[in-house]
Amino acid sequence: MTAATGITFLDATLGYDRRPAVHHLSGRIEPGALLAVVGPNGAGKSTLLKGLVGALKPLQGRIDTGGLTCQDIAYLPQAADIDRSFPISVFDLVSAGRWRTAGLFGGFGSADKAAAQEALMAVGLGGFNNRPIGSLSGGQLQRALFARLLLQDAKLILLDEPFTAIDTKTSADLLALIRRWHGERRTVIAVLHDMDMVREHFPETLLLAREAIAWGKTGEALRPENLLSARRMIEAHDPHAVPCAQAA
Amino acid sequence: MIHDIFIAPFAEFGFMRRALVGGMALSIAGGPVGVFLMLRRMSLTGDAMAHAILPGVAVGYLLFGLSLWPMTVGGLAAGFAVAMLAGVVARVTVLKEDASLAAFYLLSLALGVTIVSLKGSNVDLLHVLFGSVLALGDETLLLLAGIATITLGIMAVIYRPLVLDTVDPGFLRSVSGAGTPVHLVFLALVVLNLVGGFNALGTLLAVGLMMLPAASSRFWSADIGAMIGIAVLIGCLSSLIGLLASYHLNLAAGPAIILAAGLLYLLSMMFGRREGLFWKAFPGRHLSA
């Protein structure tokens, strides 16, 4: 279940309109890692995930996902652009997670249906099958999206602030799923703001403030002096910014 | 009595039967296309595209007179050109799809009216704008049936990615590159159906038989499959009611069909079981859980 070679950042700079949001990042994520990405707003955390799924090409450098294709990566964006007024049932939305096996035209047989049902039960949404997605609360929708992630059966799972505006019970349930994925040796990378949760459940942390401030064991990375220097990052654009000295 | 009102017009007159078959063919293909246009927040795109096919139709008309195939091919060419140009401009520039489509369809419409006025009499312009549902020839019926067949076939093939691209485009992008091609194929189907519709109802009303039944269906179901079926039924019913009204009350047939569809829309909005205004006003006592 593991990505054989892991993920390598080779002096990767990601950004928009030539301005870096992630600047000269180098490092490695081992297969099966459970990594938290923390940092202030505007630190480039979401940008990093976009770079990993390939939605954003690096301005410079390279991100080597070790041969993973888009079929091996499951990505839950910060604000999924789901049209909640669309007339589709929870079951059908979750079933889309089987895209890799069912694809454009493939049949959706009894095994697929059983898997979707099992995923719904696993996130505590048994009995929600026929509910239109528009009738779900924020937390219930997040549970449904986690069920879809479960079905995707991906080697690399990227979560962008999955617990924002989610209550403690739902967070705890979904966190249990993340630990299950970790136990199955899948690589999980989650952008988080709750430091207590990171310290308790995530063995490794990348502290990002445009540049990597610290990257390693969570206890080390989140030391007070590191957090302080992350806070000093300047968010505003410099109108007179010149090309970076390290730019190729 | 009932026979005189409902059966006799179709039993006695071949042109009425042809008009009914034509209207039903349009409704069967227009139902699914209209429902997806509505769910993709593109209800007015159909309207814009209906205008955009005009210059192609006009060029066909200018070169070959009032004849089916040149006008159809011209309309398809103009429609595809505007749809693709608008799509490409939306993806490579800062303009969103609605703005770029508005620009191209206005250009196209002005060009079309200019070309028609170069040669045509007012009668011809009226034909192009409002169609001639009571004068459908064999060729036109075959064209309409062919378009319905192609539309249903392609919709069946692109159904799954089209649903996903509508409800969660970000997810589809993350697992598959099918989103953009499926969107373009769908736009092509819209153009195909509008060009079919203009033969029967004219460019201005063709979109009516597509959008009004789709908008009505939303008031009857929250399931997309059922909505498509309901939209098709409402379209067929509109054709029947409109043609009968046209026959008995001596109204223009094309607009009568759209007015019938409009009437069914208003009724659906009032009495549809899903959030119809009447049920909202008198919802009954709330449930215990």
Side-chain angles (χ1 to χ4, degrees), chain A residues 17 46 49-50 52-56 68-108 127 130-135 141 144-145 148-149 151-154 156-158 160, chain B residues 32 34-43 94 96 153-183 185-186 214-231 272-275 287 289:
Chain A
D17 201 15
S46 300
L49 296 196
K50 283 183 201 160
L52 276 169
V53 287
L56 197 64
L68 294 181
T69 66
C70 75
Q71 303 282 336
D72 300 314
I73 304 174
Y75 170 47
L76 183 63
Q78 190 173 357
D81 48 356
I82 288 180
D83 178 1
R84 291 178 67 178
S85 68
F86 192 93
I88 188 174
S89 67
V90 172
F91 186 84
D92 285 350
L93 180 75
V94 168
S95 300
R98 290 289 264 197
W99 185 273
R100 189 150 67 105
T101 47
L104 282 170
F105 318 118
F108 200 78
N130 296 321
R131 284 269 292 268
I133 56 169
S135 73
L141 182 64
L145 294 178
R148 191 170 70 182
L149 288 172
L151 275 188
Q152 276 185 269
D153 190 26
L156 172 60
I157 298 165
L158 306 171
D160 198 348
Chain B
V35 165
F36 273 101
L37 275 175
M38 176 182 67
L39 292 175
R40 291 168 79 78
R41 316 267 158 99
M42 289 168 64
S43 299
V94 291
K96 300 274 187 222
I154 293 182
M155 283 303 283
V157 171
I158 66 171
Y159 184 81
R160 193 181 285 171
L162 191 60
V163 166
L164 264 184
D165 190 50
T166 312
V167 67
D168 193 354
F171 175 77
L172 184 64
R173 259 199 311 280
S174 80
V175 294
S176 160
T180 301
V182 159
H183 176 66
V185 168
F186 177 67
S216 310
S217 72
R218 195 72 166 94
F219 289 106
W220 296 106
S221 177
D223 174 78
I224 182 163
M227 279 171 64
I228 290 172
I230 290 166
R273 283 309 316 218
R274 296 205 73 88
E275 312 212 17
L287 305 175

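On a predicted model such as this, the values are computed, not experimentally measured, just so you know. Labels below follow one simple rule: chain letters A, B, ... track the order of the sequence lines, proteins then strands, and each chain is numbered from 1.
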Could you look at B/Leu164 and say if it's the side chain, the backbone, both or neither that has a heavy atom under 4.5 Å from chain A?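 Side chain only.
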Considering non-hydrogen atoms only, spot the tightest contact between A/Ile73 and A/Gln152 and give its length. O-NE2, 4.0 Å
Shortest non-hydrogen pair, A/Ala96 vs A/Arg148, comes out as CB-CD, 4.2 Å
Which portion of [X] sits near chain B, non-hydrogen atoms under 4.5 angstrom:
X: A/Ser85; value: both
X: A/Leu76; value: neither
X: A/Arg84; value: neither

If we define contacts as heavy-atom pairs under 4.5 Å, which of [options] has the most with chain A?
options: B/Met227, B/Arg173, B/Arg41; value: B/Arg41
options: B/Thr166, B/Leu172, B/Val182; value: B/Thr166
options: B/Asp168, B/Val167, B/Ile224; value: B/Val167

Do A/Trp99 and A/Leu151 have side-chain heavy atoms sitting under 4.5 Å apart?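 Answer no - side chains too far apart.
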B/Glu275 CD: over 12 foreign heavy atoms closer than 6.0 Å: no
To the nearest 0.5 Å, tell me how far A/Leu93 CG sits from A/Arg131 CZ. 13.5 Å
Looking at B/Arg40 and B/Asp165, is any side-chain nitrogen of the basic one under 4.0 Å from a carboxylate oxygen of the acidic one?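 So B/Asp165 pairs with B/Arg40 through a salt bridge.
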